[in-house]
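Below: the structure, in structure tokens.
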Amino acid sequence: NNISDRISDSIIYDITAPSSASVSLTSGKDSTHQRNESFSIAANDIVGVISYNLSESSIQPKLGNSDWSDTTSTTSFTGTLLFTLSTGEGTKTVYAWFHDFAGNISNTVSTSVTLDQTSPTGSISINGGASSTTSTSVTLTLSSTDSNGGNGYYVSTDYSKPTLNSSEWVDLSKTTNFSRNISFKLNSSCGSQNAYVWYRDEAGNISSSYNDSISLNTSCLYDFEGGYISSDFTNNHPSWGIDSSTSYLGNNSIRSYSGSYSSSCIKISNIVSGTVSFYYKIYSSSSYNYNDLYFKVNGYTRSYLDNTYWT
């Protein structure tokens, strides 16, 4: 008549599958240029989500298949993971499932992703294709096409290819055909100058560089905005300069091209009203015979000296 101690066991009765399941590109876009891409997934379960499965096949996977990935049990699951898309450009559909400890599998959820590995094509021209200019301020004509939609451009005087996270990208609304005229500043050195452009599409492809060149005349027009003399002259043309109204020393200067009939043209802009004084120093080597000096403002001669007055 001996009676044992009471013993018991419990089991969770769960026939409810995970709900609120979702899958999407982590970037928030609907296209990508890379096969190995990050996806965001999520699901809820009253007991706990313990595993998930991503595939390009729409057939629901069986429990115990090796392509299920386990996770710590949680009633509200979120995560990001890398998933490799199949080869070949085009629209890919990625399916996702979640299951709980009881083996209930969620309904199928999916997202469509365009794998686009074709870069935009485009063009650029400076001043409508002009061969030369006397101003560093020019107009660039840009145009590009992309079948899935371009969304940015990058212009520079440097030929180095930008990265996707470069801050100088100009964002555009997604468009398959783009054209625009923009203002642009060339480097101030005389001679051949280049402008480069790259185009970016929605998927993250960056085009090859496109460029155009234009010749800045050797008597080119330098813009000393606000009276500031740029380092191009202080570093590369240390001929002579002005540090006071009576001294002609230092390195702040513009120097003409060496040779007969040479000239230097400058543009002074954004100076407050008043009197602006200019000082000159002429140097002649024994191999040249300079005869005349002209000082012109807006093309009109304001002063003239022949070599009788030169020292």
Side-chain angles (χ1 to χ4, degrees), residues 6-120 146-152 163-166 169 171-176 200-206:
R6 184 179 63 188
I7 59 175
S8 65
D9 194 9
S10 64
I11 190 170
I12 296 174
Y13 179 60
D14 178 11
I15 59 172
T16 303
S19 60
S20 303
S22 65
V23 58
S24 62
L25 273 177
T26 303
S27 66
K29 299 180 179 180
D30 59 5
S31 61
T32 180
H33 68 284
Q34 54 192 12
R35 291 181 58 211
N36 199 27
E37 186 58 270
S38 175
F39 286 82
S40 296
I41 56 176
N44 297 329
D45 188 78
I46 57 175
V47 177
V49 175
I50 66 166
S51 194
Y52 57 84
N53 188 308
L54 261 67
S55 175
E56 284 190 53
S57 170
S58 62
I59 301 173
Q60 185 184 81
K62 294 181 179 181
L63 291 174
N65 284 2
S66 60
D67 48 1
W68 284 98
S69 298
D70 295 336
T71 185
T72 302
S73 179
T74 177
T75 58
S76 181
F77 169 76
T78 60
T80 59
L81 70 154
L82 291 176
F83 178 78
T84 302
L85 299 169
S86 58
T87 58
E89 292 186 300
T91 300
K92 315 289 184 179
T93 302
V94 178
Y95 301 88
W97 298 267
F98 305 83
H99 80 71
D100 58 18
F101 190 80
N104 299 300
I105 299 176
S106 70
N107 291 329
T108 304
V109 292
S110 65
T111 186
S112 294
V113 178
T114 299
L115 179 59
D116 174 11
Q117 297 178 307
T118 302
S119 299
D146 187 86
S147 59
N148 290 309
N151 72 349
T163 60
L164 280 173
N165 59 0
S166 296
W169 282 101
D171 295 330
L172 302 170
S173 298
K174 184 177 177 180
T175 178
T176 56
R200 179 193 66 195
D201 66 16
E202 186 77 8
N205 298 297
I206 298 176

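Fair warning: this is a prediction, and the values are worked out from it, not measured in the lab.
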Sorted by chain and number, sequence neighbours left out, side chain to side chain contact (heavy atoms under 4.5 Å, CB included) with T93 holds for Y95, S110, S112

Is any side-chain heavy atom of F98 less than 4.5 Å from a side-chain heavy atom of D45?
-> no

Only counting residues at least two apart or in another chain, list the ones meeting side chain to side chain donor-acceptor pair (under 3.5 Å) with T176.
-> none

Kindly indicate whether the side chain of N148, heavy atoms from C-beta on, has any atom under 4.5 Å from the side chain of N205.
-> no

For S86, side chain to side chain donor-acceptor pair (under 3.5 Å) partners two or more places apart | E56, K92

Keeping to residues at least two apart or across chains, list the side chain to side chain donor-acceptor pair (under 3.5 Å) pairs with something in residues 72-82.
-> N44-S76

Heavy-atom side-chain proximity of L164 to I206 below 4.5 angstrom = yes

Identify, with sequence neighbours excluded, every residue that meets side chain to side chain donor-acceptor pair (under 3.5 Å) alongside S69.
-> none

Any ring-ring contact (aromatic ring centres under 6.0 Å, His included) involving residues 43-62? Give me the pairs, sequence neighbours left out, ordered by first then second residue.
-> Y52-F77

Determine, for D146 against K174, whether the closest basic-nitrogen to carboxylate-oxygen distance falls under 4.0 angstrom.
-> no

Counterpart residues, side chain to side chain contact (heavy atoms under 4.5 Å, CB included), relative to N107 (two or more places apart) = none

With the side chain counted from C-beta on, respond yes when I105 and L63 share a heavy-atom pair under 4.5 Å apart, and no when they do not.
-> yes

Residues two or more places apart in sequence or in another chain: which of them pass side chain to side chain contact (heavy atoms under 4.5 Å, CB included) with T163?
-> N165, S166

Quick note, side chain to side chain donor-acceptor pair (under 3.5 Å) partners involving residues 59-68, not counting sequence neighbours, are N53-D67

Which residues pass the side chain to side chain donor-acceptor pair (under 3.5 Å) test with S24, sequence neighbours left out?
-> none

List in chain and number order the residues that pass side chain to side chain contact (heavy atoms under 4.5 Å, CB included) with S31, two or more places apart in sequence or in another chain; answer none if no residue qualifies.
-> T114, E202, A203

